[in-house]
Amino acid sequence: QVQLVESGGGLVQPGGSLRLSCAASGSIFSIYVMGWYRQAPGEQRERVATISSGGITNYADSVRGRFTISRDNAKNTVYLQMNSLKPEDTAVYYCNRVVNQISWGQGTQVTVSS
């Protein structure tokens, strides 16, 4: 059974940085386009970044220039480097395939506050 486990969240001050990790198990990880998503309280889940199997990336306007998505296919892991964090980045962050999504993991909480 495929599982996604996100980690690396925490409490950070505005302007700070965090690096999130998402480990995938039980699937042929490298062939899938992977994405990072986030969901703030009372809002719908939104996609913030994607990365293809070959490393082509795409970002939501709200995070472009501040977030960087990357992947290590040998480790079945996708990362999200988040810099210049803002209070509006506060959310639970998840990863998943972009197509043929599987069960969501527990996510990792990111809180940006002074």
Side-chain angles (χ1 to χ4, degrees):
Q1 184 176 355
V2 180
Q3 288 186 316
L4 299 167
V5 180
E6 299 91 350
S7 62
L11 173 64
V12 63
Q13 293 186 342
S17 299
L18 285 173
R19 189 192 193 207
L20 308 183
S21 299
C22 170
S25 63
S27 70
I28 307 173
F29 173 83
S30 63
I31 67 173
Y32 291 102
V33 179
M34 296 295 295
W36 278 99
Y37 302 75
R38 67 185 182 187
Q39 187 168 21
E43 297 187 15
Q44 290 189 337
R45 187 174 291 158
E46 64 169 338
R47 191 169 68 202
V48 298
T50 64
I51 185 167
S52 71
S53 58
I56 297 172
T57 59
N58 197 14
Y59 299 93
D61 289 343
S62 58
V63 308
R64 186 174 292 112
R66 301 188 297 121
F67 291 9
T68 302
I69 188 172
S70 61
R71 67 192 297 164
D72 184 336
N73 289 334
K75 296 182 178 180
N76 281 9
T77 301
V78 62
Y79 304 97
L80 187 68
Q81 177 67 44
M82 305 187 297
N83 298 329
S84 302
L85 283 161
K86 305 176 180 179
E88 52 263 43
D89 294 318
T90 295
V92 179
Y93 284 71
Y94 305 85
C95 70
N96 210 323
R97 301 172 187 171
V98 172
V99 179
N100 294 329
Q101 289 182 335
I102 59 177
S103 297
W104 295 90
Q106 83 287 351
T108 186
Q109 176 71 49
V110 172
T111 303
V112 185
S113 175
S114 55

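In this chain, numbering begins with 1 at the start of the sequence shown. Every heavy atom of this structure was used, including side-chain atoms; hydrogens, water molecules and symmetry mates were not.
The line from CE of Met82 to OH of Tyr93 is 5.0 Å long, rounded to the nearest 0.5 Å. For the atom pair CD1 (Ile69) and SG (Cys95), the distance works out to 9.0 Å, reported to the nearest 0.5 Å. Once rounded to the nearest 0.5 Å, the distance linking CG of Asn96 with CZ of Arg47 reads 11.0 Å. Between atom CZ of residue Arg97 and atom CD1 of residue Ile102 there is a gap of 5.0 Å, rounded to the nearest 0.5 Å. Taken from CG in Leu18 to CG in Leu11, the straight-line distance is 9.0 Å, to the nearest 0.5 Å. Summarising the geometry, atom CG belonging to Leu4 is positioned 7.5 Å from atom OG belonging to Ser25; distances are rounded to the nearest 0.5 Å.
A distance of 6.0 Å or more separates the ring centres of Phe67 and Trp36.
Judged purely by atom type and a 3.5 angstrom limit, Ser62 has no side-chain atom pairing as donor or acceptor with the backbone of Ala60. No donor-acceptor pair closer than 3.5 Å links the side chain of Thr108 to the backbone N or O of Glu6.
In this structure, Arg71 satisfies the cation-pi test against Phe29, with its NZ or CZ atom closer than 6.0 Å to the six-membered ring centre and inside 45 degrees of the ring normal. A cation-pi contact, defined as under 6.0 Å to the ring centre and within 45° of the axis, is absent between Arg38 and Tyr94. Geometrically, Arg19 engages Tyr79 in a cation-pi contact, judged by NZ or CZ lying under 6.0 Å from the ring centre and within 45° of the ring axis.
Linking ILVMFWY side-chain heavy atoms closer than 4.5 Å, directly or via other members, places Val99 and Trp104 in a single hydrophobic cluster. The hydrophobic cluster containing Leu85 also contains Tyr59, counting ILVMFWY residues as joined when their side-chain heavy atoms lie under 4.5 angstrom apart, directly or transitively.
Under the 4.5 Å side-chain criterion, counting only non-hydrogen atoms from C-beta, Ser17 is in contact with Gln81. Counting heavy atoms from C-beta on, the side chains of Val5 and Gln106 come closer than 4.5 Å.
Arg64 and Asp61 are joined by a salt bridge, as a carboxylate oxygen and a charged side-chain nitrogen come within less than 4.0 angstrom of each other.
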